[in-house]
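Here's the structure we're looking at; comments come further down.
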Amino acid sequence: MPEADEDDDEEMPLSLRLSIADTLTLGNATCGFMAVYFTTTGILIPHLQGSQESGMARHSAATAVILMLCAAVFDLFDGLVARKLRSSPMGAELDNLSDLISFGLAPAYFVLVYGMVADDAHQRVAAVGAIVVLLAVVLRLARFSCVTVKDGTFQGMPSPFGALTVVSIVLLELPFVATLLAIIGTAWLMVSRVEYPKPRGRLAVAMLSWIVLSMGLLAAWAFDAPSGQLLLQTGCALQLVMGAVIPLFATARRVNNFRDNRREARAAQLP
């Protein structure tokens with residue numbers, strides 16, 4: 001007689017297994033979706049209903065951005081875990097889809113809602129800015145999947161960093177035109193060829209520390225702590241400065257490598 005457990009011995013196809021890294025990636029997607037949820041229920045719907053309660057909008061905005069920060073933490077750790085442990089064949093696809101939700105849809109939707117609720121904003125123009133952000137992330141993720149760059153660098157601003165820069169621009173509460181131009185500039189950086197170092201080693205620790213600090217600043221602002229608004233704007237301004245300064249490190253390293261190669265070539269030509 002055939003063995004009863006013959007089918008039970010068959011292993012699940014490798015493509016259907018979720019690794020630990022995949023679980024972290026799904027946490028990334030969940031945070032992105034919840035950021036959209038809080039932006040809708042806490043900011044957009046009360047505005048459409050004519051609510052004058054600014055505290056709820058502030059709490060919801062802070063919660064949405066904190067969730068995007070949590071998504072960035074998941075995105076940081078799923079890569080680290082995937083390099084240390086095994087990753088499933090679905091890992092790269094899951095990562096791109098989750099990044100599209102958390103760092104494409106969520107910040108673009110945040111910009112769109114800003115254009116609907118801000119006093120000096122123009123809804124249709126803000127919608128164009130939101131579409132630019134979304135398409136920039138789509139193009140960046142597609143290029144990341146099919147273009148090979150040298151190890152240790154990203155080509156263009158990473159989408160998590162770009163998403164946090166976009167929401168920082170909105171939270172700075174600059175004039176509408178300046179806000180829109182800064183958002184479009186960030187979208188351009190994401191699809192540009194400007195090199196950004198990958199968050200590894202000390203840089204990964206520094207990035208994680210900055211994310212935790214940003215969460216603290218958002219919490220202080222949400223609960224109307226003394227100087228909370230000033231602290232938040234300072235943090236947002238630092239985010240913008242880092243977006244402009246960090247590529248200089250990769251450029252400086254490339255220049256130093258070029259000089260070292262020239263010196264070695266000259267030394268090899270000497271008798």
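Model, not experiment: these values are computed from the prediction.
Of the possible polar contacts, one joining the Arg143 side chain to the Val191 backbone as a donor-acceptor pair under 3.5 Å is found. Checked by atom type and distance alone, the side chain of Arg140 never pairs as donor or acceptor with a backbone atom of Ala187 at under 3.5 Å. Side chain of Ser168 to main chain of Leu164: a donor-acceptor pair is present (N/O by atom type, distance under 3.5 Å, no hydrogens or angles). Judged purely by atom type and a 3.5 angstrom limit, Arg58 has no side-chain atom pairing as donor or acceptor with the backbone of Asp224. His47 places a side-chain N or O within donor-acceptor distance of the main-chain N or O of Met116, the cut-off being under 3.5 Å.
In terms of heavy-atom proximity, Leu172 sits nearest to Ala237 at CD2-N, 4.1 Å. For the residue pair Met68 and Ala35, the shortest heavy atom distance occurs at CG-CB, 4.1 Å. When all heavy atoms of Asp75 and Pro160 are compared, the pair lying nearest together is OD2-CG, 3.4 Å. In terms of heavy-atom proximity, Glu173 sits nearest to Gln229 at OE1-NE2, 3.9 Å. Of all the heavy atoms in Asp120 and Leu174, the pair that sits closest is OD2-O, 4.4 Å. Of all non-hydrogen atoms in Leu189 and Gly243, the two that sit nearest each other are CD1-O, 4.4 Å.
Note: Gln155 CD to Ser192 OG = 8.0 Å, rounded to the nearest 0.5 Å. Taking OG1 of Thr186 as the reference point, atom CZ of Phe161 lies at 9.5 Å (rounded to 0.5 Å). Expressed to the nearest 0.5 Å, how far CE of Met215 lies from CG of Leu218 amounts to 8.5 Å. With rounding to the nearest 0.5 angstrom, the CD1 atom of Ile43 is 12.0 Å from the CG atom of Leu48. Here the straight-line distance linking atom CG of Leu76 with atom CG of Leu208 works out to 6.5 Å at 0.5 Å rounding. Taking OG of Ser159 as the start and CG of Leu139 as the end, the distance is 12.0 Å to the nearest 0.5 Å.
Cluster membership check: Leu112 does not share its hydrophobic cluster with Val177, using side-chain heavy-atom separations under 4.5 Å among Ile, Leu, Val, Met, Phe, Trp and Tyr. A continuous path of Ile, Leu, Val, Met, Phe, Trp and Tyr side chains, each step under 4.5 Å between heavy atoms, connects Ile169 with Val125, placing both in one hydrophobic cluster. Cluster annotation: Val170 is connected to Leu69 through the hydrophobic network of ILVMFWY side chains, with a link wherever side-chain heavy atoms come within less than 4.5 Å. Clustering ILVMFWY residues whenever any of their side-chain heavy atoms sit less than 4.5 angstrom apart, transitively, puts Leu100 in the very cluster that holds Phe144. In the hydrophobic cluster analysis, where Ile, Leu, Val, Met, Phe, Trp and Tyr join through side-chain heavy atoms closer than 4.5 angstrom, Ile66 is grouped together with Phe77.
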Show your reasoning for whether side-chain contact (heavy atoms from CB on, under 4.5 Å) applies to Leu238 and Trp210.
-> CA-CA 10 Å; Leu238 286 175; Trp210 173 247; 3.7 Å; yes
Check the pair Leu67 / Thr30 against side-chain contact (heavy atoms from CB on, under 4.5 Å), numbers first and verdict last.
-> CA-CA 9 Å; Leu67 284 166; Thr30 302; over 6 Å; no
Verdict with reasoning, Leu141 to Val137, per side-chain contact (heavy atoms from CB on, under 4.5 Å) = CA-CA 6 Å; Leu141 293 175; Val137 175; 3.8 Å; yes
Chi angles and distances behind the side-chain contact (heavy atoms from CB on, under 4.5 Å) call for Leu134, Tyr109 = CA-CA 9 Å; Leu134 180 63; Tyr109 187 70; over 6 Å; no
Give the intermediate values and the outcome of ring-ring contact (aromatic ring centres under 6.0 Å, His included) for residues Phe38 and His59.
-> CA-CA 9 Å; Phe38 278 100; His59 279 77; over 10 Å; no
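At most 12 heavy atoms of other shown residues, nucleotides or ligands fall within 6.0 angstrom of atom CZ in Phe33.
Residues Leu203 and Pro197 are in side-chain contact: their nearest non-hydrogen atoms beyond the backbone lie under 4.5 Å apart. Residues Ile183 and Val132 have side chains not in contact (no heavy-atom distance under 4.5 Å, counting atoms from C-beta outward).
At a cut-off of 3.5 Å, with distance as the only test, a side-chain donor of Asn28 or Asp99 sits close to an acceptor on the other residue. Checking Gln233 against Trp221 by side-chain atom types alone, no donor-acceptor pair falls below 3.5 Å.
Note on ring orientation: taking the six-membered ring where Trp is involved, the planes of Tyr114 and Phe176 are parallel (angle under 30°, cut-offs 30° and 60°).
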